[in-house]
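Below is one structure, written out as structure tokens, with a few remarks after it.
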Amino acid sequence: MKRVLVTGGAGFIGSHLCERLLADGHEVICLDNFFTGSKANVVGLLHQPYFELVRHDITMPYYAEVDQIYNLACPASPVHYQQNPIKTIKTAVLGAMNMLGLAKRLNASILQASTSEVYGDPAMHPQREDYWGNVNPIGTRSCYDEGKRCAESLFINYHNRNGVRIKIARIFNTFGPRMAIGDGRVTSNFIVQALQGKPITIYGNGAHTRSFQYVDDLVDGLIRLMNTDDSITGPVNLGNPHEYTIRELAETVIRLTGSRSELTFRPLPDDDPVRRNPDVSLAKQILNGWEPTTPIEEGLNKTITYFKQLFNI
Ligand code: NAD
Ligand code: UDP
């Protein structure tokens, strides 16, 4: 049994990670300030004796005796991270410094939830870990993209200078149950709109792409990465290499929900990356053959069932 700290543990991905770590027999401290996450996401875990929920903001130092730290705390949806961009930068950067300081003091392993956004609007396709990216440093997405890039730099420097045992996961678009209703990301927006019979909002003409990974596959990849040999630091892409246009996603959601919603087209937000697709050969190689195994339609059906339960449909 390990003692594991999950920052952002009451969020979408964090709650699935906490659940899986407890099921694997570990003791879990879930730390969250509930900015985009909620107690409802972890209420089913509160009765477990080896689960602790702590309200805390990672821009402030935190101390607890743990063996492993998963650093997930950070708003992830463009709508949320742009709401208070300075706070987003503080969470990404000061949060990383606080957690790295803790890992250093405890000699704990620490995994950073980095993002495909470090590649910006990529000129290399699909994206490999050795691509440096194409990010607008002063654009509307920069608080998140540059915050996460700075966090990667902090991680690698704590490793090189202080020998901290680090793992950097570059996560590509992930979806599943417990995304917040008002999260603003495309999968939850489309499902909620389809279930409510509202127009499906496509930003741009729907030809731009993303690659969608079901949350269970990601959690499996994160845990495998955390438990690799100390020599493996990453960055490692974790995503589903199957690329979808946004229009295809909208049509699939309409078909799976049996909705009568129509498509409506809105302006594309600034700096919205045109294409995104992970090269996951490194993950496959160092994580014992890891690759996403949940077909997108199966993942969408599970997510649709979740939202139907929320809406009592
Ligand atoms: P989420 O918004 O559901 O979860 C983030 C959690 O962090 C929330 O519970 C929120 O309340 C908490 N949080 C935010 N600021 C905090 C702070 N200052 N102190 C403490 N807690 C704070 O988003 P998610 O999709 O679960 O993302 C989790 C992590 O994975 C994030 O770091 C995100 O950048 C990364 N990521 C996610 C995706 C994706 O597609 N879901 C893709 C790339 C990277
Ligand atoms: N998008 C969309 N309609 C929505 C929400 C998002 O067309 O209601 C688009 C968005 O412009 C982007 C893609 O879907 O091109 C993925 O957006 P999301 O916010 O989920 O994540 P991103 O990958 O941009 O961080």
Side-chain angles (χ1 to χ4, degrees), residues 6-18 30-39 41-42 54-60 62 70-82 84 87-92 94-96 98-99 111-118 121 141 144-145 147-148 151 169-176 178-180 183-193 198-213 215 218-219 222 237-240 244-247 249-250 263-276 278:
V6 180
T7 78
F12 155 52
I13 296 171
S15 62
H16 287 272
L17 178 61
C18 289
C30 166
L31 184 153
D32 210 294
N33 71 349
F34 305 115
F35 173 44
T36 52
S38 71
K39 281 189 187 166
N41 283 340
V42 289
V54 178
R55 182 190 290 268
H56 182 82
D57 189 311
I58 59 157
T59 60
M60 303 291 177
Y62 174 77
Y70 289 85
N71 187 37
L72 271 61
C74 187
S77 146
V79 176
H80 289 136
Y81 68 64
Q82 287 167 22
N84 185 344
K87 175 73 190 198
T88 300
I89 297 172
K90 286 183 178 172
T91 297
L94 296 180
N98 286 329
M99 290 305 126
L111 181 146
Q112 166 69 353
S114 191
T115 168
S116 52
E117 287 286 327
V118 302
D121 190 7
R141 297 172 84 101
Y144 183 73
D145 301 6
K148 290 283 188 178
R170 288 188 180 151
I171 302 170
F172 283 65
N173 297 65
T174 304
F175 71 97
R178 304 205 197 107
M179 293 183 88
D183 181 275
R185 281 178 282 188
V186 69
T187 325
S188 48
N189 267 11
F190 285 2
I191 292 175
V192 169
Q193 289 161 349
K198 292 185 178 159
I200 307 278
T201 53
I202 293 187
Y203 305 158
N205 62 8
H208 44 293
T209 69
R210 292 292 187 274
S211 305
F212 298 101
Q213 159 178 242
V215 64
L218 171 67
V219 165
L222 292 175
N237 290 339
L238 293 177
N240 190 328
Y244 262 74
T245 67
I246 297 303
R247 190 181 180 121
L249 178 72
L263 304 182
T264 174
F265 294 85
R266 305 264 170 87
L268 195 61
D270 286 344
D271 298 336
D272 197 294
V274 176
R275 300 184 73 182
R276 191 183 284 154

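Here the structure is a predicted model, which means the values were calculated and not measured. We count ligands from 1, going down the list as the structure has it; atoms in each ligand are counted the same way.
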Identify, for atom 21 (O) of ligand 2, the protein heavy atom at the shortest distance, and state residue, atom and that distance.
N173 ND2, 3.5 Å

Below 4.0 angstrom from a heavy atom of G184, which ligand 2 atoms are there? Numbered from 1 as shown, please.
5 (C)

Shortest heavy-atom approach to atom 24 (P) of ligand 1 - which of Q112, M179, R185:
R185

Which residue and heavy atom of the protein sit nearest atom 9 (O) of ligand 1, plus the separation:
D32 OD2, 2.6 Å

Looking at ligand 2, does R276 have a heavy atom less than 4.0 Å from it?
yes

Distance under 4.0 Å to a non-hydrogen atom of F34: what atoms of ligand 1 satisfy this?
11 (O)

Do any nitrogen or oxygen atoms of D272 come within less than 3.5 Å of a nitrogen or oxygen of ligand 2?
yes

If you round to the nearest 0.5 Å, how far is CG of D145 from OG1 of T115?
7.0 Å

Test of understanding: given a 4.0 Å heavy-atom threshold, classify the contact between S114 and ligand 1 as side chain, backbone, both, or neither.
backbone

Proximity of I246 to ligand 2 by residue part, where a heavy atom lies under 4.0 Å:
side chain

For atom 1 (P) of ligand 1, what's the nearest protein heavy-atom neighbour? Residue, atom name and distance, please.
T36 OG1, 3.7 Å

For K87, the salt bridge (charged side-chain N to carboxylate O under 4.0 Å, His left out) test, sequence neighbours excluded, returns D57

Provide the number and element of each atom of ligand 2 under 4.0 Å from a heavy atom of P78.
19 (O), 25 (O)

Within the 4.0 Å heavy-atom cut-off, what K148 brings close to ligand 1 is side chain

Can you give me the closest heavy-atom contact between G176 and F12, atom names plus distance?
N-CZ, 3.4 Å

Which ligand 2 atoms are under 4.0 Å away from a heavy-atom of E117?
25 (O)

After noting the C-alpha distance and the side-chain angles of F212 and L249, does the key distance pass the side-chain contact (heavy atoms from CB on, under 4.5 Å) rule?
CA-CA 9 Å; F212 298 101; L249 178 72; 3.8 Å; yes

Heavy-atom closest pair (I200 atom, Q193 atom, distance to 0.1 Å) is CA-OE1, 3.3 Å

To the closest 0.5 Å, what do you measure between CZ (R185) and CZ (F175)?
12.0 Å

Determine the minimum heavy-atom distance between N41 and A10, stating which atoms define it.
ND2-O, 2.8 Å

Sub-4.0 Å atoms of ligand 1 with respect to non-hydrogen atoms of A10:
9 (O)

Grab the two heavy atoms, one from Y62 and one from H56, that are nearest each other, plus how far apart they are.
CB-NE2, 3.6 Å

Subset of ligand 2 atoms that lie under 4.0 Å from at least one heavy atom of N189
4 (C), 5 (C), 8 (O)

Give me the residue, atom name and distance of the protein heavy atom closest to atom 27 (O) of ligand 1.
A76 CB, 3.7 Å

Checking side-chain contact (heavy atoms from CB on, under 4.5 Å) for the pair I58/N71: CA distance, chi angles, key distance, verdict?
CA-CA 9 Å; I58 59 157; N71 187 37; 3.7 Å; yes

Measure the spacing between OG1 of T88 and NZ of K148 and express it to the nearest 0.5 Å.
10.0 Å

Would you please determine whether S116 falls within less than 4.0 Å of ligand 2 on a heavy-atom basis?
no

Going from CZ on R55 to CG on L31, what distance comes out if it is rounded to the nearest 0.5 angstrom?
11.0 Å

Shortest reach to atom 1 (N) of ligand 2 by a heavy atom, considering only F265, Y203, F172:
Y203

Just to confirm my output: which protein heavy-atom neighbour is closest to atom 40 (O) of ligand 1, and how far is it?
T174 N, 2.8 Å

Indicate the atoms forming the closest heavy-atom contact of I13 with V219, along with that distance.
O-CG2, 4.5 Å

Closer than 4.0 Å to some heavy atom of G11 - which atoms of ligand 1 meet that?
3 (O), 4 (O), 8 (C), 9 (O)

Does this structure show an ion pair linking R178 with D183, if we count only N-O contacts that are shorter than 4.0 Å?
no

What is the closest protein heavy atom to atom 37 (C) of ligand 1, and at what distance does it sit?
I13 CD1, 3.7 Å

Among protein heavy atoms, which lies nearest atom 19 (N) of ligand 1, and at what distance?
I58 N, 3.0 Å

With rounding to the nearest 0.5 Å, note down the distance linking CD1 in I202 to OG1 in T264.
8.5 Å

What distance do N98 atom CG and M60 atom CE have between them, rounded to the nearest 0.5 Å?
9.0 Å

Residues E117 and R141 bridged, charged N to O under 4.0 Å
yes

Around atom 3 (N) of ligand 2, find the nearest protein heavy atom and jot down its residue, atom name and distance.
T201 O, 2.6 Å

For the residue pair Y144 and Y81, categorise the inter-ring angle as parallel (less than 30°), tilted (30 to 60°) or perpendicular (more than 60°).
parallel

Residue portion contacting ligand 2 (non-hydrogen atoms closer than 4.0 Å) for V186:
both

Would you say S77 touches ligand 2, if touching means a heavy atom closer than 4.0 Å?
no

Ligand-residue contact atoms, ligand 1 with G8, heavy atoms, under 4.0 Å:
6 (C), 7 (O), 9 (O), 12 (C)

Looking at A73, which atoms of ligand 1 are within less than 4.0 Å of one of its heavy atoms?
7 (O), 20 (C), 21 (N), 22 (C)

Using distance alone, decide if ligand 1 has a nitrogen or oxygen within less than 3.5 Å of any nitrogen or oxygen in L31.
no

Taking only heavy atoms of H208 into account, list the atoms of ligand 2 that are under 4.0 Å away from them.
15 (O)

Using heavy-atom distances, let me know which of H80, R185, R141 sits nearest atom 22 (P) of ligand 2.
R141

Is D57 close to ligand 1, meaning an N/O of one under 3.5 Å from an N/O of the other?
yes

Measuring from atom 5 (C) of ligand 1, which candidate in G239, G37, A169, C74 has the nearest non-hydrogen atom?
C74

For atom 28 (C) of ligand 1, what's the nearest protein heavy atom and its distance?
L72 O, 3.6 Å

How close do A92 and A96 get, heavy atom to heavy atom, and via which atoms?
O-CB, 3.2 Å

Out of Y81, F175, F12, Y144, who gets a non-hydrogen atom closest to atom 36 (N) of ligand 1?
Y144

If you count the atoms of ligand 1 from 1 in the order shown, which ones are under 4.0 Å from a heavy atom of H56?
19 (N), 20 (C)

Non-neighbouring partners of D270 that pass side-chain contact (heavy atoms from CB on, under 4.5 Å), sequence neighbours left out:
T140

Which of the numbered atoms in ligand 2 are under 4.0 angstrom from any heavy atom belonging to I202?
7 (O)

Which part of R210 is near ligand 2, with near meaning a heavy atom under 4.0 Å away: side chain, backbone, both or neither?
side chain

Can you pull out the closest protein heavy atom to atom 17 (C) of ligand 1? Residue, atom name and distance to 0.1 Å, please.
N33 ND2, 3.3 Å

Would you say ligand 2 has an N or O under 3.5 Å from any N or O of T187?
no

Record the part of N173 in heavy-atom contact with ligand 1 below 4.0 Å; permitted values are side chain, backbone, both and neither.
backbone

